[in-house]
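Just so we're on the same page: letters track the sequence lines, and every chain starts at 1.
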2 protein chains.
Amino acid sequence: MKRTSLKDIANAVNLSKTTISLILNGKAKENNISDETVNRVLAVSRKMNYSPNSLARSLSMGRSKTIGLIVPYITDSFFARVAQVIERQCSSKGYTLIYCSSEESAEKERSQINALLARQIDGLIIASSCRNGEDIALLKNNNFPLVLIDRYYPAIETSHVTVEDEPGAFRLVSYLIDRGHRRIAMVSVSSELLPIDNRQKGYRRALESAGIEYDERMIFEADNADHEGSVRRSIDAMLSMSEPPDAIFFANHLLAAVGFKVLKSREIAIPSRMAICCFGDSSYLELLEPSITAIPMPFEAIGNEALRILLDQIESPETSCYEQIVLPVTEIIRQST
Amino acid sequence: MKRTSLKDIANAVNLSKTTISLILNGKAKENNISDETVNRVLAVSRKMNYSPNSLARSLSMGRSKTIGLIVPYITDSFFARVAQVIERQCSSKGYTLIYCSSEESAEKERSQINALLARQIDGLIIASSCRNGEDIALLKNNNFPLVLIDRYYPAIETSHVTVEDEPGAFRLVSYLIDRGHRRIAMVSVSSELLPIDNRQKGYRRALESAGIEYDERMIFEADNADHEGSVRRSIDAMLSMSEPPDAIFFANHLLAAVGFKVLKSREIAIPSRMAICCFGDSSYLELLEPSITAIPMPFEAIGNEALRILLDQIESPETSCYEQIVLPVTEIIRQST
DNA sequence: CTGAAAGCGCTTACAG
DNA sequence: CTGAAAGCGCTTACAG
């Protein structure tokens with residue numbers, strides 16, 4: 001597809017590329033280019049349907065007005081919504097967003113970081129796999145504009161936007177305890193994900209501060225590659241315990257949905273025989289019967305803050321400094337607890 | 001962030017950029033470059049952590065190994081899954097995917113098409129707003145590699161991948177009729193979206209072939225900007241009819257979820273007082289109580305076929321021709337009907 | 001076996 | 001008021 005270039009316009013109006021470029025970039029005034037010339041060029045460029053080749057422009061300017069976003073799964077409604085928020089903000093600020101899914105793989109994450117850097121992106125927002133400290137450190141050491149969301153590396157000082165994972169989990173589990181539950185299981189995912197770890201800490205602290213002994217057999221780790229199967233096995237394992245749990249805290253909304261399904265299929269009454277709740281939320285959790293107690297993620301704030309910090313780093317590198325934002329969360333009590 | 005360039009390597013090893021470029025692109029053999037030189041360059045380029053500037057490369061080669069995908073909403077699980085499928089396929093074929101959400105706006109779609117073209121993408125997959133025939137025709141006339149998914153323009157011959165909207169709706173509504181329903185309402189979205197229109201046609205044909213008179217007051221159009229409110233109003237309107245419908249066919253899964261919620265809140269028993277079903281599916285529709293009869297979208301096949309056709313156009317422009325794929329769909333009968 | 005040179009489509013000091 | 005020229009980082013005929 002032949003696109004018209006600056007040179008084409010220059011030839012058409014018998015001026016130099018320089019002049020055309022200046023005019024099209026709104027620098028006519030400061031270069032004293034006559035109104036007549038400006039209008040003529042504008043008209044012709046419109047007629048020729050000109051739009052600049054942004055590769056050439058970025059290459060020449062050394063910045064692309066593009067930012068990258070890497071999330072684990074775009075199919076996870078939480079990340080999709082964060083992406084939506086960031087995409088909208090970006091376009092209102094004249095930036096383009098390129099996003100991709102790392103599928104929770106450190107290698108994919110690495111190759112995506114490299115692919116994005118190769119495209120000369122101006123900054124990067126990552127919900128990292130938590131197993132890629134090397135690249136994160138490299139970016140940081142090069143002062144590359146970077147904001148981590150949802151997950152960060154405690155050992156590496158960066159800007160990041162997260163939520164109150166530990167306190168949120170603490171409150172939710174404490175609530176279960178207040179409701180009389182004593183045997184509370186937790187289903188999380190098998191990985192070193194920081195937020196999951198913090199949610200587990202909150203769970204543990206809630207038990208401790210209620211004087212309930214922590215029992216590691218009550219912690220189940222699902223397999224990201226097989227939520228369905230692994231959650232089913234976890235729940236079956238719980239049910240076959242001599243003293244089965246009477247409540248389950250799921251580490252995220254996807255696990256909770258699967259858990260709900262399994263419990264239903266096993267005909268376990270919720271909440272009478274098993275109360276359930278989870279970190280994170282999704283529109284359908286309130287539609288289920290019983291509706292599920294959950295802690296919604298402030299995806300709007302996460303996206304907005306992350307982009308604000310990133311653009312600050314990009315546009316005012318000298319004054320900007322690392323910002324760590326921890327957003328508050330509030331549980332929504334529904335029927336499942 | 002200073003990246004190392006070909007020139008940096010050339011200087012480091014005292015060879016020309018040409019030689020480095022040839023080696024790094026695996027063209028050493030055909031240019032008789034000595035193994036020793038090759039190894040030396042490879043080692044140095046690794047040590048210097050070189051990765052080519054893909055903007056420069058694309059600019060020079062005139063192709064970017066990048067394809068664009070425009071969907072209405074990445075937060076719609078259907079499109080997120082299609083995007084996931086395409087992203088995976090792309091990366092396995094050495095392409096990068098850039099996707100963005102048009103939010104069902106023709107203007108956004110247009111500006112995204114232009115932004116993507118400006119990035120010299122090699123091809124484009126679009127689930128179009130159906131109100132942007134102008135740009136689609138322009139792309140087509142320039143022989144730009146293009147595949148439409150989910151929606152297409154009947155007046156413009158292009159490659160596209162869609163599903164059996166009309167037959168699917170026909171079968172589903174016929175099923176409702178078989179179950180004894182006579183007053184069947186349809187809730188669709190207020191737009192000129194082709195698949196929605198086809199689903200409506202299927203609905204209508206089912207009624208006709210069962211000898212049920214079509215009543216346009218049974219068609220409700222929800223507002224994309226306010227699903228919640230408009231579906232609520234539609235359902236309230238139905239309920240206040242002298243002879244309310246006894247079944248509702250929702251044009252997509254998002255509408256069905258909202259409809260389910262409203263019916264519950266109005267304490268309308270499903271399916272005894274009101275049967276419901278929808279086109280499209282989502283993991284949670286089977287978790288609801290009653291679970292919802294639906295027609296799953298073959299997102300895997302949509303993504304795979306679309307990309308296959310597109311790559312064919314890109315890589316063999318001379319032999320490729322327009323392909324129109326209509327994928328079959330099968331309803332899953334659940335408890336809501 | 002290797003390099004100089006032109007070109008991809010832009011921007012931007014610099015000169016007149 | 002406007003243009004020639006260099007440069008961004010690559011690739012690729014062409015020459016030796």
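Rounded to a whole Å, the CZ atom of R40(A) is 13 Å from the P atom of dC1(D). Here the P atom of nucleotide dC1(D) and the CG atom of N39(A) are 13 Å apart, to the nearest Å. Going from atom CZ of R119(A) over to atom P of dG9(D) covers 18 Å, rounded to whole Å. Rounded to whole Å, atom P of dG9(C) lies 18 Å from atom CZ of R57(B). Atom CG in N53(A) sits about 14 Å away from atom C1' in dC10(D), given to the nearest Å. Protein atom CG of L117(A) is 15 Å distant from nucleotide atom P of dG9(D), rounded to whole Å. Counting to the nearest Å, the C1' atom of dC8(C) and the CG atom of L55(B) are 12 Å from each other. Per the geometry, CG belonging to L59(B) stands 5 Å off C1' belonging to dG9(C), to the nearest Å.
Between T162(A) and L194(A) there is no side-chain heavy-atom pair separated by less than 4.5 Å. Side-chain contact between N25(B) and S21(B) is present, with heavy atoms from C-beta onward closer than 4.5 Å.
Remark: the backbone N or O of I74(B) is paired with a side-chain donor or acceptor of S101(B) at under 3.5 angstrom. Between the S316(A) side chain and the E318(A) main chain, no donor and acceptor come within less than 3.5 Å of each other. In this structure, R131(A) contributes its side chain and E104(A) its backbone to a donor-acceptor pair below 3.5 Å.
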Checklist line | Test salt bridge (charged side-chain N to carboxylate O under 4.0 Å, His left out) applied to E103(B) and R88(A), step by step | finding: CA-CA 10 Å; E103(B) 309 203 341; R88(A) 283 183 184 157; 2.6 Å; yes

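Ring geometry for Y152(A) versus H160(A): interplanar angle under 30°, hence parallel rather than tilted (30 to 60°).
More than 12 heavy atoms of other shown residues, nucleotides or ligands fall within 6.0 angstrom of atom CD in Q324(A).
Put simply, Y50(B) has no side-chain N or O that comes within less than 4.0 Å of OP1 or OP2 on dG9(D).
Residue N32(B) is classed as a base contact, given a heavy-atom separation below 4.0 Å to a base. Across all strands, L15(A) comes closer than 4.0 Å only to sugar-phosphate atoms, never to a base (heavy-atom distances). At the heavy-atom level, S54(A) lies nowhere under 4.0 Å from the strands shown.
Aromatic ring centroids of Y99(A) and Y99(B) lie under 6.0 Å apart.
Annotation: dA13(C) and dC1(D) have their P atoms spaced 22 Å apart (nearest Å).
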Next item on the list: Starting at the 5' end of DNA chain C, write a dot or bracket for each base, bracketing those in Watson-Crick or G-U wobble pairs whose two distances are under 3.5 Å and using | for partners on another strand.
Entry: |||.||||||||.|||

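Both D35(A) and Q120(A) sit near DNA chain D, but only D35(A) has its closest nucleotide nearer the 5' end.
When distances are taken from the side chain of S5(B) to each of dG9(D), dG3(C), dT11(D), the shortest belongs to dG9(D).
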Identify all pairs in which a protein N or O lies below 3.5 Å from an N or O of nucleotides 12-16 of chain C, and state each distance.
residue, atom, partner, partner atom, Å
dT12(C), OP2, K27(A), NZ, 2.8
dT12(C), O4, T18(A), OG1, 3.3

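Here the closest heavy-atom approach between residue E109(A) and residue I70(A) is recorded as O-CD1, 4.2 Å.
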